[in-house]
S.K.: 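Before I ask anything, let me first share the structure, which is written out below as structure tokens.
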Amino acid sequence: NAGVMQNPRHLVRRRGQEARLRCSPMKGHSHVYWYRQLPEEGLKFMVYLQKENIIDESGMPKERFSAEFPKEGPSILRIQQVVRGDSAAYFCASSPRKAGGQNTEAFFGQGTRLTVV
Amino acid sequence: AQSVTQLDSQVPVFEEAPVELRCNYSSSVSVYLFWYVQYPNQGLQLLLKYLSGSTLVESINGFEAEFNKSQTSFHLRKPSVHISDTAEYFCAVSAGAAGNKLTFGGGTRVLVKP
């Protein structure tokens, strides 16, 4: 069972370009979470998705950022018109469907390091 | 809403010495508690977790953490560190109704010196 797969591992974009970050959750996991880690800071929650639904996007910037988790294929975090301040590591995590209300752990991918030049 | 405070941003420690990383949280609901480790240029790996039951939890590589509800703490300890324990350690909490959304502390960087 492969872990959470993120690609690319490193992404360089010029200011104004679009960045697309992909996340394939672990097999059988239907919950996906995106986090951002700015340099010298901890991880900050961005968005929580289930298949075809955005459940909680309270951590997403109001503009330029969007996320989706289609019925088929990976989850995508899309950043339009990137700026230098978007440079960060973006981590995806997945978890299985909750069983009986018991909260379970999230498994993290290795992240995509975005550099805006 | 939850918040997590890791009081020490960096902890230098000599090899084979003990280490304690402090973590305090605040929450209006019951929480689940986690410690993650991040090695340089890597993703996060779960070190240990508290969901319910015994308040003392242990990892396979010698770390342990104790959930103290009255002090709202979940400090991480290891009695004897190795060079390979050099990494950044993150404390995190989640509340059941919010799914697995994690709130992280700012991290503690552990540097083990020979």
Side-chain angles (χ1 to χ4, degrees), chain A residues 2-7 9-10 21 23-26 29-50 53-60 69 89-113 115, chain B residues 1-10 21-25 27 29-53 57 59 65 67 74 87-110:
Chain A
V4 178
M5 304 300 292
Q6 289 189 250
N7 65 83
R9 291 289 307 278
H10 300 274
L21 288 63
C23 168
S24 296
M26 289 179 70
H29 287 194
S30 58
H31 301 233
V32 165
Y33 309 80
W34 285 94
Y35 292 83
R36 177 165 64 173
Q37 185 180 31
L38 293 168
E40 306 301 320
E41 293 187 16
L43 281 78
K44 296 289 193 287
F45 167 79
M46 299 181 75
V47 62
Y48 163 34
L49 311 103
Q50 295 181 27
N53 285 301
I54 296 174
I55 307 301
D56 181 349
E57 56 182 346
S58 58
M60 288 281 267
F69 187 17
Y90 292 82
F91 290 96
C92 170
S94 73
S95 66
R97 186 184 306 276
K98 281 192 287 186
Q102 173 81 30
N103 208 337
T104 55
E105 67 190 80
F107 296 83
F108 281 79
Q110 292 196 300
T112 294
R113 281 158 180 81
T115 302
Chain B
Q2 295 81 42
S3 68
V4 179
T5 302
Q6 291 182 245
L7 293 167
D8 307 299
S9 59
Q10 292 191 58
L21 309 183
R22 294 177 291 171
C23 172
N24 288 88
Y25 69 92
S27 176
V29 298
S30 295
V31 296
Y32 302 96
L33 296 147
F34 306 83
W35 276 99
Y36 283 87
V37 58
Q38 185 181 31
Y39 298 104
N41 296 313
Q42 298 289 316
L44 275 74
Q45 300 173 30
L46 181 68
L47 192 57
L48 45 75
K49 62 187 176 187
Y50 171 78
L51 301 180
S52 64
V57 289
S59 73
F67 169 51
F74 191 53
E88 187 147 21
Y89 293 79
F90 293 96
C91 182
V93 303
S94 71
N100 297 92
K101 173 182 171 181
L102 292 163
T103 300
F104 283 87
T108 298
R109 192 160 293 174
V110 173

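Hydrogens, waters and symmetry mates are skipped; everything else that's a heavy atom, side chains included, is used. Predicted model only: the values in this text are computed from it and were never measured. Order of the sequence lines fixes the chain letters, A, B, ..., with proteins taken first and strands second; residue numbering starts at 1 for each chain.
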S.K.: To the closest 0.5 Å, what do you measure between CZ (A:Phe107) and CG (B:Leu46)?
M.R.: 7.5 Å

S.K.: With a 4.5 Å cut-off on side-chain heavy atoms, are A:Leu43 and B:Phe90 touching?
M.R.: yes

S.K.: Please check if atom CE in A:Met5 has more than 12 non-hydrogen atoms from other residues, nucleotides or ligands closer than 6.0 Å.
M.R.: no

S.K.: Between atom CG of B:Leu102 and atom CZ of A:Phe91, what is the distance when rounded to the nearest 0.5 Å?
M.R.: 13.5 Å

S.K.: With a 4.5 angstrom heavy-atom cut-off, which part of A:Ser58 approaches chain B: side chain, backbone, both or neither?
M.R.: side chain

S.K.: Name all residues meeting the ring-ring contact (aromatic ring centres under 6.0 Å, His included) criterion together with B:Tyr89; count only those two or more places apart in sequence or in a different chain, and write none if there are none.
M.R.: B:Phe63

S.K.: Could you look at A:Gln6 and say if it's the side chain, the backbone, both or neither that has a heavy atom under 4.5 Å from chain B?
M.R.: neither

S.K.: Heavy atoms only: give me the nearest B:Gln42-A:Arg113 pair and the separation to one decimal.
M.R.: O-NH2, 3.4 Å

S.K.: Between B:Gln45 and chain A, which part of the residue has a heavy atom less than 4.5 Å away: side chain, backbone, both or neither?
M.R.: neither

S.K.: If you look only at pairs with a residue in residues 38-53 of chain B, which of them pass as a salt bridge (Lys or Arg N to Asp or Glu O under 4.0 Å), with sequence neighbours excluded?
M.R.: A:Glu105-B:Lys49

S.K.: Do B:Leu44 and A:Tyr35 come within less than 4.5 Å of each other through their side chains, counting heavy atoms only?
M.R.: no

S.K.: Would you compute the distance between atom NZ of B:Lys101 and atom CZ of A:Phe45 and round it to the nearest 0.5 angstrom?
M.R.: 5.0 Å

